Enquirer: 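Handing you a structure now.
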Amino acid sequence: MKTTIEFPEGIPGFESIRTCTIERVDEGPFYVLEEKGGELSLVLLDPEAFFHEYRLEASLEDLNAIGLTDEADAQVLVVATLAEHLQDIRVNLKAPIVMNKQNAKACQIIDAKGRYESRVPLFAGE
């Protein structure tokens with residue numbers, strides 16, 4: 001089922017894009033985010049499915065921008081860069097997308113503490 005989400009501040013690099021749809025692929029950890037006009041399409045995934053120790057620290061300013069006051073209402077997803085070979089798939093742990101499940105507003109947050117990288121192999125052990 002597709003859900004419409006709003007990026008009140010836009011998406012970094014695509015600031016004019018404010019409304020997208022997101023759909024989970026089957027029952028797995030993957031999602032597809034698409035801009036309504038078709039300019040942008042991203043594969044996202046739940047980082048906890050692959051990086052069990054992943055913990056995002058977000059500023060109150062970022063969370064307030066999407067009306068997020070309860071951690072239980074947050075859904076954190078990271079952008080995946082697909083490749084022909086599994087070992088070449090990379091994910092951006094540095095700039096996850098955080099969505100408020102209660103109001104369908106989202107933002108992309110940058111890890112200011114420098115704990116994560118932007119091109120992490122998804123299958124590091126492969």
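Keep in mind that this is a model prediction, so the values were computed, not measured.
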Enquirer: So how far is it from C20 SG to M99 CE, rounded to the nearest 0.5 Å?
Expert: 11.5 Å

Enquirer: Supply the atom-to-atom distance I17 CD1 to L40 CG, rounded to the nearest 0.5 angstrom.
Expert: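 Here the interatomic distance stands at 4.5 Å.
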
Enquirer: Could you tell me which non-hydrogen atom of A95 sits nearest to which non-hydrogen atom of N92, and how far apart they are?
Expert: N-OD1, 3.0 Å

Enquirer: Just so I know, are the side chains of I5 and T21 near enough to count as touching, which here means a heavy-atom distance under 4.5 Å?
Expert: no

Enquirer: Are F30 and L44 close enough that some pair of their side-chain heavy atoms sits under 4.5 Å apart?
Expert: no

Enquirer: Does any non-hydrogen side-chain atom of F50 lie less than 4.5 Å from one of L93?
Expert: no

Enquirer: With a 3.5 Å distance limit and no angle check, can you tell me whether D62 reaches the backbone of I109 through a side-chain donor-acceptor pair?
Expert: no

Enquirer: Report yes or no: do F14 and I66 belong to one cluster of Ile/Leu/Val/Met/Phe/Trp/Tyr joined by side chain heavy-atom distances under 4.5 Å?
Expert: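 They do not share one cluster, since no chain of ILVMFWY contacts under 4.5 Å joins F14 to I66.
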
Enquirer: Compile the donor-acceptor pairs under 3.5 Å between side chains in residues 72-83 and protein atoms, sequence neighbours left out, one pair per line.
Expert:
{"residue": "D73", "atom": "OD1", "partner": "Q102", "partner atom": "NE2", "Å": "3.3"}
{"residue": "Q75", "atom": "NE2", "partner": "Y31", "partner atom": "OH", "Å": "3.0"}

Enquirer: Mark yes or no for whether E34, through its side chain, and V32, through its backbone, hold a donor-acceptor pair below 3.5 Å.
Expert: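 No, the answer is negative, given that no donor and acceptor are paired below the 3.5 Å cut-off.
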
Enquirer: So which heavy atom on A106 is nearest to which on P8, and how close?
Expert: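 Nearest heavy atoms, A106 then P8: O-CD, 3.3 Å.
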
Enquirer: In this structure, would V91 and I110 fall into the same cluster of hydrophobic residues linked by side-chain contacts under 4.5 Å?
Expert: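 Looking at the clustering, I110 is in a separate group from V91.
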
Enquirer: I'd like to know whether the aromatic ring centres of Y116 and Y54 sit less than 6.0 Å apart in this structure.
Expert: yes

Enquirer: Counting neighbours of CD on E23 that are heavy atoms of other residues, nucleotides or ligands and sit closer than 6.0 Å, is the number greater than 12?
Expert: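 It does: E23 CD has more than 12 such atoms within range.
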
Enquirer: Answer with yes or no whether the hydrophobic clustering places L45 together with V98; edges join I, L, V, M, F, W, Y residues whose side-chain heavy atoms lie under 4.5 Å apart.
Expert: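 They do share one cluster, since a chain of ILVMFWY contacts under 4.5 Å joins L45 to V98.
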
Enquirer: Measuring from N64:CG to T69:OG1, what's the distance to the nearest 0.5 Å?
Expert: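 N64 CG to T69 OG1: 9.0 Å, rounded to 0.5 Å.
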
Enquirer: Return the CG to CG distance between L63 and N100, rounded to the nearest 0.5 Å.
Expert: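 The CG atom of L63 sits 9.5 Å away from the CG atom of N100.
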
Enquirer: For Q108 and P12, which heavy atoms make the closest approach, and how far apart are they?
Expert: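 In terms of heavy atoms, the two residues are closest at OE1-CD, 3.2 Å.
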
Enquirer: Of all the heavy-atom pairs spanning I22 and L33, show the shortest one and how long it is.
Expert: CB-CD1, 4.2 Å

Enquirer: Flag the pair E9 and K105 as a salt bridge only when some basic side-chain nitrogen lies within less than 4.0 angstrom of an acidic carboxylate oxygen.
Expert: no

Enquirer: Say you draw a straight line from CG of L56 to NZ of K113; how long is it, rounded to the nearest 0.5 Å?
Expert: 11.0 Å

Enquirer: With heavy-atom distances below 4.5 Å as the criterion, would you say the side chains of R119 and K94 are in contact?
Expert: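 Side-chain contact under 4.5 Å: no.
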
Enquirer: Above 12 or not: heavy atoms from other molecules or residues under 6.0 Å from CD of E71?
Expert: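 Open.
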
Enquirer: Rounded to the nearest 0.5 Å, what separation is found between the CZ atom of F7 and the SG atom of C107?
Expert: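 The CZ atom of F7 sits 8.0 Å away from the SG atom of C107.
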
Enquirer: Quick one: does K36's side chain get under 4.5 Å of T4's, heavy atoms only?
Expert: yes

Enquirer: Spell out, yes or no, whether F123 and V120 are grouped together once hydrophobic residues are joined by side-chain heavy atoms under 4.5 Å, including indirect joins.
Expert: yes

Enquirer: One pair to check against salt bridge (Lys or Arg N to Asp or Glu O under 4.0 Å): E6 and R18. What are the steps and the verdict?
Expert: CA-CA 6 Å; E6 177 191 349; R18 303 289 174 124; over 6 Å; no

